[in-house]
Each structure stands twice: as C-alpha cells, then as structure tokens.
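The block underneath contains the structure these notes are about, expressed in structure tokens.
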Amino acid sequence: MTGGSSPAVAVHGQQSSSSRSSSNISNISSSTSSSRSIVWFRRDLRVEDNPALAAGVRSGDVVAVFIWAPEEEGPFYPGRVSRWWLSQSLHHLDSSLRSLGTPLITKRSFDTASTLIDIVHSTGASNLFFNHLYDPLSLVRDHRLKESLSAQGVTVRSFNADLLYEPWEVNDENQCPFTTFAPFWNKCLSMPYDPAAPLLPPKRISSGDVSKCPSDTLVFEDELEKASNALLARAWSPGWRNADKALMAFVNGPLIEYSVNRKKADSATTSLLSPHLHFGEVSVRKVFHLVRMKQLVWSNEGNKAGEESVNLFLKSIGLREYSRYLSFNHPCSHERPLLTHLRFFPWVVDENYFKSWRQGRTGYPLVDAGMRELWATGWLHDRIRVVVSSFFVKVLQLPWRWGMKYFWDTLLDADLESDALGWQYISGTLPDGRDFDRIDNPQFEGYKFDPNGEYVRRWLPELARLPTEWIHHPWNAPESVLQAAGIELGSNYPLPIVEISAAKTRLQEALAEMWQLEAASRAVMENGTEEGLGDSSDVPPIDFPQETDMEIDRERELPRINNTAVRRHADQMVPSMTTISSLIRVEEEVSVGAGNVAEDSRPEVPSNINFEADTHREVAQALPQFNPDILRNALHSTAESASTWTERDGGLVPVWSPPPTSSRSEHYPDDDDPGIGNSGYLQRHSQSHQMLNWRQLSPSMRRSWEMESTVQPNAIG
DNA sequence: CCCAAGTTCTG
DNA sequence: AGAACTTGG
C-alpha cells in the first residue's frame with residue numbers, strides 16, 4: 001500500500017463540499033466502464049438508496065455478497081430474534097437482486113477478510129464496494145481490510161448509507177466533535193447542505209461471473225429456535241420492501257399523532273422501524289426527507305401538533321445518528337462509562353437480582369410487565385426500555401453492561417451503538433445523561449405510562465384481577481383486595497426485591513464510595529505509588545475533570561493520522577484507537593452470568609400469550625460464559641449472601657469464553673482451551689479480544705496507558 | 001398583574 | 001430532582 005493513498009485520513013477542519021460528494025456517487029462516474037465489482041452487503045440490506053450497490057452497477061458487473069461470520073462479533077454474537085430477522089431479510093434481498101439480474105452470494109466464514117479475498121479471486125473482480133458501519137469492531141476490521149485489499153491491487157471504496165451525515169462531518173465551531181446530543185442534533189439540522197437525496201434502485205444489474213463462487217447455505221437457527229421464531233413472523237415482516245411499507249404506513253398514519261401518543265406504553269403508535277433501520281432495510285435519508293416533506297405540509301396547514309410530531313420523531317432518528325457518532329468518536333462506549341468517575345461506582349454484583357429482572361419478577365408490575373414482553377416478543381416500547389433499564393441501574397444497581405448484553409440477546413432491533421447510548425444515558429455516564437442520583441419510581445411511572453393498568457394486566461396475568469388503584473403497587477393493597485384478586489404476595493407474585501427508599505440510601509452510599517475511590521486513585525496517581533491501593537489501581541487513574549468532561553479517548557492523544565491529506569471518495573475514517581484500546585480492555589464488569597442464564601433463564605411467560613416458552617439454548621450461545629467461581633474468588637465477601645455482594649467492578653476479572661456446546665460449562669474461560677465455537681476468531685484476534693485485567697498488564701504497558709489516559713486535551717467541552 | 005400550584009420535560 | 005412553563009385564582 002503506497003503512502004499517498006492511505007484510506008484512513010483524518011478530516012478535520014475540512015469541508016462540506018468534499019464531504020458532500022462523498023455521500024453520493026457522482027464522483028465515481030470516472031471509474032472504468034466495465035470492471036467487475038464485489039458489492040459487499042452488511043447492514044445495508046436494500047437495493048434502494050444503496051450507494052455501494054449503485055457504484056457497483058455503474059462500474060460494470062456486480063457480484064453481490066453477504067458474509068456470515070458471527071464469531072467475529074465476539075461477545076456480541078447476535079441473539080436469536082436478531083438472527084431470525086437477518087435470515088428473513090437476506091432472503092428478501094436475494095430475491096430482489098435476482099429479479100434485477102444477479103443472486104446474492106452468501107458465505108459462511110470465520111474470517112471475513114480472507115473470505116473476501118477468496119471471492120475476489122474466484123470472481124475476477126477488481127473492485128470492492130461496501131457501505132460504512134460504525135461499531136468498534138467494524139471500524140477496525142474494515143480499515144484493515146481496505147489496507148490489505150488495496151495492497152493487492154483491488155480498488156476498495158466505501159460509502160455512507162447509514163447516516164444523514166458522516167460523524168466527521170458534524171463538528172462544533174472549533175471543528176471538534178460535540179460531546180452532548182442537543183448541540184449535535186441542532187448542528188445536523190442546520191448543516192449548510194442537506195443529507196444526500198436517496199438513490200433509486202438500479203433498473204437492472206449486470207451479473208458478474210459467480211460460477212466459481214458458490215453460495216454457502218447459512219444456518220441462522222436450530223430446530224428448537226425455529227419453533228419460537230415461527231411466531232415472530234406473525235408480527236413482523238423483514239425485508240426492504242416491507243420496511244418501505246412500514247415507513248409509508250407510519251408516515252401516513254401514526255406520525256401525525258406522534259407527539260400526543262408517545263406517552264402510552266401500550267399503543268402501537270411508534271414507527272416500528274428500528275429493526276428495519278438496524279439492518280439497513282430502509283435508508284434514514286429517505287425517512288428524513290419523507291418526514292420533512294410531511295412536516296412542510298402540516299406546517300403550511302398550521303397543524304402545530306403534526307409539526308411537533310415530526311420534530312420529535314426526527315429527534316429519535318437523531319439519537320440513532322448520535323449513537324454512531326459517539327461510537328465513532330469513543331469506540332469504547334459500549335463497554336466503558338464515558339464519564340470517568342463513574343468507573344469507580346461500586347456496582348452490585350448480584351446474580352439473583354439480575355435473574356429476577358430478566359424473569360420479570362422484581363415485584364414492580366410495570367418493570368415486570370416490560371421484561372415479560374421483552375422476553376416473549378423481542379420488543380419493547382422505548383418508554384418501557386427506559387423504565388426497566390433505569391430500574392436495573394438505579395434500583396438494583398447492577399452493572400449496566402449486563403443489562404445491555406441482555407438487551408442485545410433478546411431485542412429484535414438489538415443495535416450495539418444505540419443500546420450503548422441508551423444504557424449510558426440511563427446510567428448517567430454521559431455528560432448529558434440523567435442525573436446519576438435520580439431514581440425513578442416505577443409505581444408513579446406506572447400510572448403515567450399505563451394509567452389503566454392494561455399493559456400490566458396483559459403481561460402479568462397473575463395481577464389481572466387487581467383493581468387499577470393497586471395495580472402498580474400491589475404491596476400496598478389491603479389483604480382483602482389481594483385475596484379477591486387471587487394474589488398472594490411473595491408466592492404467586494413477588495414482593496418488591498428492593499424498596500425504593502432502600503435503593504435511595506444505598507445509592508447515596510455507593511456514590512460516596514465512588515468519590516472516595518476516585519479520590520484515592522487520584523492520590524495514588526499523584527505520588528506515583530502503584531501497588532498501594534488494591535482494587536482501585538485497576539482503574540486508570542484520571543485527572544479529575546469537571547462533571548461534564550468526557551472520557552478522553554486514546555485517539556485524541558495519539559497523533560492524528562495524516563491530518564493534511566485530503567480524503568477521497570468516501571473512505572472509511574477510522575479513529576486511531578486501534579492500537580491500545582483494542583489490545584487492552586480495562587473491564588469494569590464481569591460478564592453476565594451465563595451459566596446461570598443457561599441453566600435457568602426462562603422467565604415464566606404468561607400462559608395466555610401465544611408465545612411458546614423459549615429454549616435457553618440460544619441465550620447460552622449468545623452469552624459469554626461466566627464462571628461464578630471467578631467472581632467469588634475475586635470477592636472477599638464469601639461469607640455473606642449473594643445479595644450483599646458489592647464490589648468495585650474493576651476488581652473482577654472478566655473473561656469471555658467461547659459459547660458452550662452444552663448448556664452448562666464448568667470450564668474456566670481464561671485457561672488455554674481454545675474452545676469450540678469461537679476458536680477461530682479468538683485465536684486469530686487474540687490480542688484484540690482477549691479481555692485483560694488491569695493487573696495482568698506489564699507495568700510498562702500500564703504506565704503508558706496511564707499516561708495516555710490522563711492527558712487532558714483542552715479541546716473538549 | 002402577581003403568585004402559587006400544577007404540569008411537563010429532560011438524551 | 002429540578003427547571004421551565006402553564007394555569008387559575
């Protein structure tokens with residue numbers, strides 16, 4: 001790869017006109033008129049407004065490819081429902097592509113890069129086109145891929161298909177990335193140029209020669225999962241045409257009422273577009289332009305509510321944009337609090353709490369109803385997501401990454417960037433997140449979002465006969481009322497596992513402890529003692545910032561790559577975090593209790609609901625293995641009951657192991673067993689996906705990390 | 001016109 | 001929880 005064409009070009013202070021051309025295809029017309037291109041589909045499963053596909057069609061013959069290499073996702077192996085969606089969507093895409101002239105070639109792989117190279121060779125292609133992704137893994141993988149394929153003489157181009165604006169296009173007046181949402185979104189809405197107009201689907205695709213490049217049959221579900229998945233098809237229709245229908249239905253229907261309806265937990269007044277958007281079945285730019293046109297119309301009609309509805313809906317699109325923006329600028333945001341002092345928060349490490357939450361047996365009806373709905377359907381209204389996750393973090397004080405992982409495994413629209421943003425927001429680990437010491441009371445939220453208790457009754461049949469007056473706080477109901485409703489608290493419906501008032505006290509204590517640890521760590525930092533402090537030395541010391549300072553990611557300290565070069569086409573920009581942060585993960589939390597999950601993860605799904613009880617297998621596969629012994633060893637409080645374990649998360653050693661073949665694994669994840677399912681990936685990427693404890697690092701490594709993570713750029717904020 | 005109480009919103 | 005905003009006396 002020659003110096004001049006580095007694909008990773010930092011563009012800062014560099015402008016709109018060139019950025020703009022990057023997101024449409026006008027700059028590609030100079031490509032030779034009949035070369036053969038691989039169009040690599042990922043989470044852009046559509047033929048409409050797909051810049052990579054359009055580029056391929058323009059430059060000649062097209063080989064359309066999808067590669068299934070889930071092991072590369074490490075702990076974020078897609079959950080069952082998410083895999084179901086993907087399989088449906090791929091079928092849909094394949095038939096669309098076929099009708100245009102070429103099939104979708106599907107490949108099973110354990111190494112995307114080498115599979116792509118094989119495909120290039122077997123098809124004689126000279127170009128590779130794909131659309132950008134912004135999760136940490138893809139940023140690094142795609143960057144490397146670009147380098148290695150370019151070195152082999154393949155022309156690699158990548159495009160923006162997922163965002164209104166690329167992350168590097170949206171900066172504040174000092175050309176620095178925003179650190180809060182509101183100004184970010186205002187800027188997006190007032191950019192000097194509009195998001196690119198959507199491209200039409202190609203009329204016809206000239207197929208490359210795929211005779212030497214047969215498809216693999218991809219398996220996304222096993223027999224047991226099939227039964228559960230069959231029910232999903234009743235409620236959802238994956239695929240880009242269906243996505244388009246859903247969009248139209250929403251825009252011409254519920255959108256206008258969005259601002260008034262959004263409060264109700266129950267109503268189907270949301271767009272239901274998120275899974276479609278996650279897989280790129282519909283283009284956000286199309287959504288944006290369409291919705292904006294509606295707004296113009298309503299605005300002219302003086303329909304204030306309609307106008308406001310569009311603003312609110314667009315804001316949720318904006319949050320999705322922001323999640324990518326955040327992930328791009330802070331590639332660790334899916335696993336580390338962005339507000340550094342929160343790393344010292346003493347999370348409650350209690351698997352029983354976690355289990356009660358998963359099963360919808362916390363004793364708070366709104367929370368429990370939400371968790372049962374999530375399990376049964378893979379779906380939750382955004383409001384309820386906030387309720388259950390806020391309960392998780394603030395009342396149970398479990399580490400948010402556990403909750404995020406569970407969402408990842410169970411949500412139909414599981415999306416790493418969006419979910420990381422959501423959990424960080426709820427956890428108060430963002431500069432503009434909720435106040436950390438704010439505890440929402442599920443009882444009051446219940447009457448707010450579900451005033452008549454219908455939602456609760458639907459998902460908690462055991463409470464169905466309880467009058468509305470008590471539906472959100474059965475623990476206060478008179479015995480006679482409970483009896484009449486057939487409820488025996490503590491037996492067929494639990495008492496609250498944690499009282500709100502107790503949670504408040506505990507939260508205050510935990511916060512005090514957090515500040516103490518933080519201060520101690522700072523002191524250690526200052527006098528250079530390394531080992532004095534036990535656990536708190538596990539967390540990178542920080543130069544204590546103002547409340548709103550974000551974590552300083554490594555890329556800010558490292559020299560920018562090639563600041564001066566002009567970015568060509570739409571080269572994928574890669575934050576320069578690849579070296580250190582992917583080598584080392586300072587882990588705050590242990591992995592979720594998969595052994596536990598595997599054994600007994602199934603909440604009792606209400607029997608009047610038409611969803612079959614699920615099997616635990618997919619959860620077991622999706623979750624990283626966590627051996628409780630490791631946890632116990634790491635904690636000193638063995639004598640106490642599980643529910644009183646609290647320990648700074650940094651003191652625990654998180655280790656991910658390959659998915660088990662059996663549902664139960666006694667196997668210590670950090671020994672050298674290469675394991676089964678994940679072995680390919682873990683072996684090849686041992687540095688980037690081995691989870692290391694801070695203590696395990698060599699002192700010199702540690703020092704360099706500490707130095708880097710404490711440098712304060714003044715540019716932020 | 002003011003004040004208090006109530007309501008809504010917060011990414 | 002707290003600010004900002006609305007409502008009604």
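Every value quoted in this text rests on a predicted model; they were computed, and no experiment measured them.
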Just checking A/Gly318: base, sugar-phosphate only, or nothing, at a heavy-atom cut-off of under 4.0 Å?
-> nothing
Distance, rounded to the nearest Å, where A/Asn311 contributes CG and B/dC9 contributes P = 14 Å
Looking across every strand, which nucleic acid part, if any, lies under 4.0 Å from A/Tyr425 by heavy atom: base, sugar-phosphate, or nothing?
-> base
A/Lys448 side-chain N/O to B/dC9 phosphate OP1/OP2 under 4.0 Å = no
Whole angstrom is fine here: how far is it from CZ in A/Arg434 over to C1' in C/dG2?
-> 13 Å
Between A/Trp357 and A/Tyr406, is the ring centre distance below 6.0 Å?
-> yes
For the pair made of CZ in A/Arg383 and P in B/dC9, what is the distance, rounded to whole Å?
-> 8 Å
Does A/Glu373 use its side chain to pair, donor to acceptor, with the backbone of A/Trp459 at less than 3.5 Å?
-> no
Going by the salt bridge (Lys or Arg N to Asp or Glu O under 4.0 Å) test, name the single residue among A/Arg141, A/Arg324, A/Arg43 that passes it with A/Asp135.
-> A/Arg43
Length of the line joining A/Asp432:CG and B/dT10:P, which is rounded to integer Å | 13 Å
Between C/dG2 atom P and A/Phe436 atom CZ, what is the distance in whole Å?
-> 17 Å
Check: A/Trp475/A/Glu499 side-chain N/O donor and acceptor closer than 3.5 Å = no
Could you give the CG-to-P distance, from A/Leu421 to B/dG11, as a whole number of Å?
-> 11 Å
CH2 of A/Trp423 versus P of B/dG11: gap in Å, rounded?
-> 19 Å
Distance in angstrom units between A/Phe449 CZ and B/dC9 C1', rounded | 11 Å
Base, sugar-phosphate alone, or nothing: which one does A/Asp382 contact when heavy atoms must sit under 4.0 Å apart?
-> base
